[in-house]
Amino acid sequence: MPTTLLVFLFPFLLLGCFLLYWAGARHAYLRRASTEAGDPGVLDWHFFVPCRDEEAVVGDTVAQLRGDFPSAHVWVIDDDSDDRTGVIVAALAEDDRRVHLVRRVRPDARTGKGDALNAAHEQLGDFLPGGADRERTVVCVVDADGRLDPRALALVSGPAAFGDPEVGGVQVGVRMRNVGDKRPLPGRGRPANAFARLLVRVQDMEFAVSNAGMQLLRGRTGSVGLGGNGQFTRLSALDRIAAAERRPWQRGALLEDYELGLQMILAGYRITHVADTWVSQEGLPHARRLLTQRTRWAQGNLQCVRYAGRILSSRQYTGAGVLETLYTFFQPVAHLLTLVLCAAMLVLGGLGSLALWPLTLVLAALSIGPFVLWGPVYRRDHAPDASRITAVLWGFALWLYAYHLFVVSARGFVRSLRGRTGWAKTRRNAEPVTAGPVALEG
């Protein structure tokens, strides 16, 4: 009986944790304050753009960064591409002294995004004059297909961001640039394109409201996470981490961005999230590629568990920050336990039992409702032309979409058990390219 009771109650405990976290994220999102802008001219800006077979997108990305931020330097890291990425960037660098090509060659190349960023950090250090003020030098990581909001530098320079000397990192919001694409799969029929449009839409919802709420909640707990796109860091903070860890970004890390944030907080810096500006990227219209990407993220979360001891003993983390961070670490484990325990409940309770149907309805409402409620919020802030009914349907789609977390958690766990830590970069085939191949998969 005690075992049966434990099996029965544990999923409710997990659901309670989810509801508490969701309520905190939603409250933080709805009560967020506007971000006060600062003067980006008081800081020196350097963009890091890691590239591996990105000839389809890198030229436009560099052009956008140089056009919108003319005083900034752009460092493109060519991770030994098999296409013309390096040739394209080398030509741009010849005509523009603020464009720099960081060449990497195998066998040292293609060993992970973290290593590529570390190479750029080293070359930036060699490039800067000896008297450079590294406190006011800021590095921003932008994906090869990223498009940064032209207001971004002003907002991340504000008093709540790099205007505060204690802030070592700032993460901006993320949006899906192809959310309005009517035919994300040009060579496919209507049903496939309808599914692809919905898949891109829920990814945009995920980042624009759900993840933004999580980050704003983390702002209150002191545990904001850095992402791989739109990640701003103070160079002096990167230097301090490199002095302790031999490099800013960890080798072999599947979530090198999030781990950098952990290292930064442990080093005594604050990280903040600015929700009023964004970087856009390509939403994935293929379920298979989405699952591959998210499996890497889930496995990366499992890798982060090794920080638990340091975080628990650190004075830099508040109690709420510890709880939030550990909750994030163990999400894949929670998903796996939920699968196992739900199966056990079916066996122990009997598949034919009807006595629990009222409880089932309550659980369904508590599980589905939080996702559905994001729909109207998303419509209000990001899709005002959509109808209210469409917004609710989007919320239901977000709920169904969330079930992919159970699949990728299981896959990530299996990969960890098998010692597989490599990954192929995401193919950017939804990029609207009129000539030339799309970026290749590694």
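Residues take their numbers from the sequence shown, with the count starting at 1. These numbers come from a predicted model, not from an experiment.
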Practice task
Could you check L117, V102, D115, V142 and say which one makes a side chain to side chain contact (heavy atoms under 4.5 Å, CB included) with P50?
Solution key: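 In the set L117, V102, D115, V142, the residue that makes a side chain to side chain contact (heavy atoms under 4.5 Å, CB included) with P50 is L117.
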Problem - D53, I88, V58 screened by side chain to side chain contact (heavy atoms under 4.5 Å, CB included) with D83, the one that passes - result: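 Only one of D53, I88, V58 forms a side chain to side chain contact (heavy atoms under 4.5 Å, CB included) with D83, namely D53.
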Exercise for the section: Output, in order, the C-alpha distance, side-chain angles, deciding distance and verdict of side chain to side chain contact (heavy atoms under 4.5 Å, CB included) for D39 and S157. Expected result: CA-CA 6 Å; D39 179 9; S157 301; 5.9 Å; no
Exercise for the section: Would you please test H73 and R97 for side chain to side chain donor-acceptor pair (under 3.5 Å) and show each step? Expected result: CA-CA 8 Å; H73 289 260; R97 64 183 182 85; 5.4 Å; no
Taking the side chain as every heavy atom from C-beta outward, state whether [X] and [Y] have any atom pair closer than 4.5 Å.
X    : Y    : result
F48  : L124 : yes
Q293 : V408 : no
F195 : P285 : no
V62  : V76  : yes
D257 : V141 : no
W249 : L238 : yes
H286 : L290 : no
V200 : E282 : no

If only side-chain N and O atoms count, and only distance matters, is there a donor-acceptor pair under 3.5 Å linking [Y] with [X]?
X    : Y    : answer
D239 : H121 : yes
D204 : Y378 : yes
Y29  : D381 : yes
D68  : Q64  : yes
N229 : Q281 : yes
R134 : S236 : no
H46  : R98  : no
T61  : R147 : yes

Any Lys/Arg nitrogen of [X] or [Y] sitting under 4.0 Å from an Asp/Glu carboxylate oxygen of the other?
X    : Y    : value
E206 : R201 : no
D78  : R104 : no
R218 : E324 : yes
D82  : R110 : yes
D95  : R66  : no
R151 : D149 : yes

Handout entry: Test: R310 cationic atom under 6.0 Å from Y307 six-membered ring centre, within 45° of axis
Key =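 Cation-pi check for R310 and Y307: fails.
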For [X] against [Y], the heavy-atom pair lying closest together:
X    : Y    : answer
V170 : A161 : CG2-CB, 3.8 Å
A90  : L101 : CB-CD2, 4.0 Å
V202 : W394 : CG1-O, 4.4 Å

Handout entry: Any donor-acceptor pair under 3.5 Å from W374 side chain to L398 backbone
Key =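 Checked: no pair found.
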Exercise for the section: Keeping the roles fixed (side chain from H273, backbone from Q215), state whether a donor-acceptor pair exists under 3.5 Å. Expected result: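 Judged by distance alone, no pair lies under 3.5 Å.
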Problem - F127 vs Q123, side chain to side chain contact (heavy atoms under 4.5 Å, CB included): CA-CA, chis, key distance, verdict - result: CA-CA 6 Å; F127 170 81; Q123 289 203 21; over 6 Å; no
Problem - Straight-line distance of D80 CG to T111 OG1, nearest 0.5 Å - result: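 Answer for the CG-OG1 pair, D80 versus T111, is 10.5 Å.
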Handout entry: Value rounded to 0.5 Å, distance of OG in S409 from CZ in R294
Key =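 S409 OG to R294 CZ: 11.5 Å, rounded to 0.5 Å.
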Could you tell me whether [X] atom [atom1] has more than 12 heavy atoms of other residues or ligands within 6.0 Å of it?
X    : atom1 : answer
R306 : CZ    : yes
R288 : CZ    : no
R380 : CZ    : yes
Y327 : OH    : yes

Practice task
Let me see the working for L262 and Y317 under side chain to side chain contact (heavy atoms under 4.5 Å, CB included), right down to the final yes or no.
Solution key: CA-CA 10 Å; L262 298 176; Y317 276 86; 3.4 Å; yes
Exercise for the section: Would you sort out whether W297 and L254 count as a side chain to side chain contact (heavy atoms under 4.5 Å, CB included), showing the intermediate values? Expected result: CA-CA 7 Å; W297 294 4; L254 296 176; over 6 Å; no
